[in-house]
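Within every chain, numbering begins at 1; the chains are lettered A, B, ... in the order of the sequence lines, protein sequences first and strands thereafter. Just so we're clear, the structure is a prediction, and the values are computed from it rather than from any experiment.
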2 protein chains.
Amino acid sequence: MLEARLEQANLLKKVVEAIKDLVQDCNFECNDSGVGLQAMDNSHVALVSMLLKADSFSPFRCDRNIALGINLVSLQKVLRAAQDKDILTLKAEDSPDVVNLVFESSDSDRISEYDIKLMDIDQEHLGIPDTDYAASITLPSAELQRICRDLSALSESVNIECTKEGVKFGCTGDIGSGSVTLRQHTNVEKEDQNVDIQLSEPVSLTFSLKYLVNFCKASGLSSRVKLCLSTDVPLMVEYSLANNSYLRFYLAPKIGDEE
Amino acid sequence: MLEARLEQANLLKKVVEAIKDLVQDCNFECNDSGVGLQAMDNSHVALVSMLLKADSFSPFRCDRNIALGINLVSLQKVLRAAQDKDILTLKAEDSPDVVNLVFESSDSDRISEYDIKLMDIDQEHLGIPDTDYAASITLPSAELQRICRDLSALSESVNIECTKEGVKFGCTGDIGSGSVTLRQHTNVEKEDQNVDIQLSEPVSLTFSLKYLVNFCKASGLSSRVKLCLSTDVPLMVEYSLANNSYLRFYLAPKIGDEE
DNA sequence: ACCACTTATC
DNA sequence: GATAAGTGGT
């Protein structure tokens, strides 16, 4: 059986909000190391990979590997019932029909409990190769969100060009063109605001803004976001969570004359 | 003639907002004890009963019984002109064609005045019997609102089950099931947050969530709400206002296999 | 109290 | 599909 207690129900709520537009149904893979999720979006352009390590829960118990096939719209409906500060416990049997979610208010005077029916989902297991990226950029997540939102007013696509000095997000559309350039900068006082660039080779790649805007819904999960790029390889967008847990998005670059 | 001055125009505004989805046109019954309103919704499942006692106005003058038949959509349009802190005076002749609303800003520097045409409404007078309810639950109005909203994501109906220990709101729908349990609890420090249960007999009844969600629009009128239940009798939902004035909703239970 | 998002309507 | 209102979060 699975029994996993998450101090902040909000964490799962934000994760689901961030991915539900990309993926409708998916398996939450539970085993003794934690709860993981991998799924491609319908058009197979983007991939979501989440891992909530066992250490992110307390306590965490999972005797056997269980795949919980959940409709994310249903899950979101239930998670909206979570109040700020609520504690969430996920429970499932070893061969479950339902997953059980229990929300406790911190004073325990309010308990709400939901069962969500599970579904069988064909799990094409997705191997994600470890990649040595040519460029890794870590920046404030709110900044990336703002950039993507601003540029999406002009164009469907953004070109991300990274050099040792900085990173430039540029686009061209019918009404004109725009770009935002961030220089690498470090300030020990305001670490959250830093822009860190690790570069082995300059890169320039183009991506769909619609997807990036979508990924940025996860900004609430972490003040920082890491972008990893290499030529002809999907972009990785990573939100690191406590206890080495993470939410990652992958997005294939646009090629050649695609817009 | 009627002349009734209400220090907070907002009070009437909130009342109308809370009931206008249930009732289109209704009589405001004015007499020397105050202003009352009773109306059933179109499907005759729910009933609204409001009483603003004469003491809630200052001054209050009403020489004869007058029924003001008002279209609530029109009334709401006019009430939206009320600013925060505005003082409202209602005026009508003894056999009126119109009701006159005057808004004064608290500093009296701004006066606005509206006339709304009245309509003849057949008044089936509704006798509401006094009932000794088997269960009375008083809880924070925001909490009830939240519960009804959360559960309405899962189902059309909610079962309210009350015992000495607590009250459980439960429902079952296509995607799964959910329940919220509140234990009776009292804290002198935060009286507004208390859950008080008066029980002569346990009850379990099922109601339409659509209506309950609607009633909860009145949450802004009072931090507390009282639910009164007895088997096979309509639920009463009461928002108490100052000076023994009140806004009450009644809702017939669903019976048997209805959903 | 403001801003942003989500949902409902045209 | 776009726009507008209502609701929820910061």
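- Taking atom CD of residue A:Gln83 and atom C1' of nucleotide D:dT10, one finds them 17 Å apart after rounding to whole Å.
- Contacts of A:Ala252 classified as side chain to side chain contact (heavy atoms under 4.5 Å, CB included), with partners at least two apart in sequence or in another chain: none.
- For B:Asn100, the side chain to side chain contact (heavy atoms under 4.5 Å, CB included) partners two or more places apart in sequence, or in a different chain, are B:Lys91, B:Val102, B:Glu113, B:Asp115.
- Atom-to-atom, CG of B:Asn214 to P of D:dT7 comes out at 10 Å; the value is rounded to the nearest Å.
- Under 3.5 Å, the side chains of B:Ser56 and B:Ser245 contain a donor-acceptor pair of N or O atoms.
- Rounded to whole angstrom, the span from the CG atom of A:Asp86 across to the P atom of D:dG9 amounts to 12 Å.
- For A:Lys14 and C:dA4, the NZ to P distance is 17 Å, given to the nearest whole Å.
- Regarding B:Lys217, its NZ atom lies at a distance of 6 Å from the P atom of D:dT7, rounded to whole Å.
- In this entry the distance linking CD of A:Gln76 with P of C:dC5 reads 14 Å, nearest Å.
- Atom C1' of nucleotide C:dT6 and atom CD of A:Glu17 are separated by 10 Å, given to the nearest angstrom.
- Using a 4.0 Å cut-off between charged nitrogen and carboxylate oxygen, A:Arg224 and A:Glu191 do not count as a salt-bridge pair.
- The CD-P distance, from A:Gln145 to C:dC5, rounds to 7 Å in whole Å.
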